[in-house]
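In this text the structure is predicted, and so the values were computed from the model without any measurement. Just so it is clear: chains get the letters A, B, ... in the order the sequence lines come, proteins before strands, and each one is counted from 1.
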Amino acid sequence: MEIKSEHKHWLVKSEAKCYSIDDLKRDCKNGAVPWEGIRNFQARNFMRDGMRPGDLVLFYHSNGTPKSPAGVYGIARVAGKPHIDESALNPKDEHFDPKAVAYKKAGKSPMWVCVDMEFVAKFSQPVYLSDLKREGSRLGGMLVLQTGQRLSVMPVSKTHFERVVQLGEEAGK
DNA sequence: GCCAACGTTGGC
DNA sequence: GCCAACGTTGGC
């Protein structure tokens, strides 16, 4: 998937039980949070080559449950430039990757890179996956709606981004 | 470089 | 918990 200069809106996935938007809100009281642990090259490329400070991000909870369905729960913002993902080099971290250590020893550019995220807003009512699907052609082509699309970081068009935010705000009224 | 086996993701 | 779809690995 090609990275284009007009990409300024994104969607990141996280399982709520691993790291929810409430966790992001809490952790951002002390500044932005490195979006560590992404171990997919395409997702890495989006963060490394596409994301720029100030870009807005839909925060999606994946692997939902009936109590907490999958969907967009709020908005985050890219807070800094891409940097090395230190968790890949830490043997005690669950996202440790020995190959990243080999990269470093070989003097290669970092294998895993991430950006910092900051909390912007939580929707008063989440925009569930079923809500997104109900939008039909209005959100046509939105990557997160494509079956088999498992990327945890992906671009979102401005139009789609704005529509999802609109839905999130409307839902609260 | 092919491709089968495997592990993971994520909706249901 | 199931399983389809995908990315990665490793034998050849």
Write out a two-atom table: protein N or O, nucleotide N or O from nucleotides 7-9 of chain C, distance below 3.5 Å.
residue: C:dG7; atom: O4'; partner: A:Arg150; partner atom: NH2; Å: 3.3
residue: C:dT9; atom: OP1; partner: A:Lys99; partner atom: NZ; Å: 3.1

In whole angstroms, how far is the [atom2] atom of [N] from the [atom1] atom of [X]?
| X | N | atom1 | atom2 | value |
| --- | --- | --- | --- | --- |
| A:Tyr60 | B:dG10 | OH | C1' | 8 Å |
| A:Leu145 | B:dG11 | CG | C1' | 12 Å |
| A:Gln146 | C:dC6 | CD | C1' | 13 Å |
| A:Gln149 | B:dC12 | CD | P | 15 Å |
| A:Asn63 | C:dG1 | CG | C1' | 12 Å |

So, are A:Asp49 and A:Arg44 salt-bridged, with charged N and O less than 4.0 Å apart?
no

Would you call A:Asp22 and A:Lys25 a salt bridge, taking side-chain N to carboxylate O under 4.0 Å as the test?
no

From CA spacing to verdict: side chain to side chain contact (heavy atoms under 4.5 Å, CB included), A:Val115, A:Met117
CA-CA 7 Å; A:Val115 296; A:Met117 289 287 177; 3.9 Å; yes

Given A:Met154, which partner from the list A:Val12, A:Leu143, A:Leu58 fulfils the side-chain contact (heavy atoms from CB on, under 4.5 Å) test?
A:Leu143

Hey, does the side chain of A:Ser14 reach the backbone of A:Tyr19 with a donor-acceptor pair shorter than 3.5 angstrom?
yes

Side-chain N or O of A:Tyr128 closer than 4.0 Å to phosphate OP1/OP2 of B:dG11:
no

Passes side chain to side chain contact (heavy atoms under 4.5 Å, CB included), A:Gln42 versus A:Leu151? Steps please.
CA-CA 8 Å; A:Gln42 207 173 358; A:Leu151 271 177; 3.8 Å; yes

Base, sugar-phosphate, or nothing: which does A:Thr147 touch, judged by heavy atoms less than 4.0 Å apart?
sugar-phosphate

